[in-house]
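Every heavy atom of this structure was used, including side-chain atoms; hydrogens, water molecules and symmetry mates were not. The structure displayed is predicted, hence computed values, not measured ones.
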Amino acid sequence: MQNEALDGLLGRYSLGIKHLKDPGPNAHQIEVLIAAALRAPDHGELIPFRFVIVAGDSKNRLAKLFYSYALAKGKDEDSCNIESERVLRAPVTLTVVARIDLHHPTVPAHEQWVCVGGAITNVLNAAHFMGFSGKILSGEKVRDAAIGAAFCTLGETLVGWIALGTAAKALGTNREKSVTSVYSYF
């Protein structure tokens, strides 16, 4: 027997930036999304992540960083513009930064990374339940020194960006994935 929340979770899927439009989450709704992130699997007081909200004029700063990144990779001007315009399309972007303590006495790094992944998942699920769509974006850009320096302090790792907004197209049914292809019995 399924309930409404489970049905909602099973109906969620990622929707890329080109399919997002205004409105995105407002300031209060963003706080609710961050509260959901804080309910990810954790280890007491250890919170190995933080978020940086990219909205309004700050989207232009991020777009310039993406443009410069593409230019440094040898892309032509059209490709550089496409790279920077991607940032501007999402109504709200949350930058995900990991703060992994490699020398923590009781919580190994891999467990801290699980918490970061859980936080991202909780944000995306909460956004879905609030009527928004979104997607986590990462790729090579997270390793770029200039982009990383814009968001991270010493010892932090740029994980990616969660793009959030309203679905610009009617959401279809979730692409069916084979449940049996991802588990087995021991």
Side-chain angles (χ1 to χ4, degrees), residues 11-34 36-37 48-100 113 116-117 119-175 177:
R12 191 194 78 73
Y13 61 96
S14 296
L15 195 62
I17 290 179
K18 67 182 177 181
H19 301 295
L20 299 178
K21 65 177 183 176
D22 280 320
N26 63 33
H28 171 71
Q29 291 168 322
I30 290 171
E31 287 183 15
V32 172
L33 296 175
I34 302 303
F49 60 85
R50 67 182 180 86
F51 295 93
V52 179
I53 301 164
V54 182
D57 292 338
S58 63
K59 290 195 307 186
N60 291 322
R61 290 178 39 216
L62 184 56
K64 288 178 185 175
L65 286 169
F66 278 26
Y67 183 95
S68 296
Y69 166 81
L71 192 62
K73 289 290 186 183
K75 296 191 176 188
D76 61 35
E77 187 173 349
D78 287 342
S79 296
C80 292
N81 285 328
I82 289 170
E83 198 65 46
S84 65
E85 288 169 5
R86 293 179 75 202
V87 175
L88 299 173
R89 283 186 173 172
V92 174
T93 302
L94 299 178
T95 306
V96 183
V97 177
R99 301 184 294 193
I100 306 300
W113 280 110
V116 174
I120 292 167
T121 301
N122 281 8
V123 167
L124 289 168
N125 287 336
H128 172 71
F129 293 132
M130 295 167 75
F132 298 107
S133 294
K135 186 174 189 171
I136 181 75
L137 310 165
S138 58
E140 290 181 22
K141 285 186 281 301
V142 300
R143 292 189 298 272
D144 182 73
I147 295 174
F151 293 101
C152 299
T153 60
L154 186 63
E156 293 183 326
T157 303
L158 180 59
V159 176
W161 299 269
I162 301 174
L164 297 165
T166 300
K169 65 178 187 169
L171 298 177
T173 58
N174 194 358
R175 294 174 297 253
K177 297 177 182 174

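With a 4.5 Å cut-off on side-chain heavy atoms, I162 and L33 do not count as touching. Residues K75 and I82 form no side-chain contact, since every pair of their non-hydrogen atoms from C-beta on lies 4.5 Å or further apart. Between L124 and H128, the closest side-chain pair of non-hydrogen atoms is not below 4.5 Å. Counting heavy atoms from C-beta outward, F129 and V32 have side chains that stay 4.5 Å or more apart. L88 has its side chain out of reach of F66: every pair of non-hydrogen atoms, C-beta onward, lies at least 4.5 Å apart. E156 is not listed as a side-chain neighbour of F151, based on a closest heavy-atom distance of 4.5 Å or more. For the pair V97 and T153, the minimum side-chain heavy-atom distance is 4.5 Å or more. In this structure, W161 and V96 have side chains that are not in contact, with every pair of non-hydrogen atoms separated by 4.5 Å or more.
Between the side chain of N122 and the backbone N or O of A36, at least one donor-acceptor pair lies under 3.5 Å. A donor-acceptor contact shorter than 3.5 Å is absent between the side chain of K59 and the backbone of T93. No side-chain donor-acceptor contact under 3.5 Å links S58 to the backbone of V54. Side chain of T157 to backbone of A98: no donor-acceptor contact under 3.5 angstrom is found.
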Stepwise side-chain contact (heavy atoms from CB on, under 4.5 Å) check, E77 with Y67: CA-CA 9 Å; E77 187 173 349; Y67 183 95; 3.6 Å; yes
Intermediate values then yes/no, side-chain contact (heavy atoms from CB on, under 4.5 Å), T166 and L20: CA-CA 5 Å; T166 300; L20 299 178; over 6 Å; no
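Nearest heavy-atom pair, V116 versus P48, reported as atom, atom and distance to 0.1 Å: CG2-O, 3.3 Å. Minimum interatomic distance between F132 and G24 (heavy atoms only, all atoms of both residues): CE2-C, 3.5 Å. Heavy atoms only, all atoms of each residue included: F49 and A37 are closest at CZ-O, 3.5 Å. Listed here is the closest heavy atom pair of A167 and S133: CB-OG, 3.7 Å. For L65 against A146, the heavy-atom pair with the smallest separation is CD2-O, 4.2 Å. Residue A90 comes nearest to A163 through the heavy atom pair CB-CB, 3.8 Å, listed as atom of the first residue, atom of the second, then distance.
Here OG1 of T95 is found 10.5 Å from CD1 of I147. Values are rounded to the nearest 0.5 Å. Here the CG atom belonging to D76 is positioned 10.0 Å from the CG atom belonging to L71, to the nearest 0.5 angstrom. Taken to the nearest 0.5 Å, the CD1 atom of I136 stands 9.5 Å off from the CG atom of L164. Here the straight-line distance linking atom CE of M130 with atom CG of N26 works out to 7.0 Å at 0.5 Å rounding. How far CG of D144 is from CG of L158: 9.0 Å, rounded to the nearest 0.5 Å. In this structure, OG in S84 is found 10.5 Å from CZ in R89, a value given to the nearest 0.5 Å.
Using a cutoff of 4.0 Å between basic side-chain nitrogens and carboxylate oxygens, E83 and K73 are not scored as salt-bridged.
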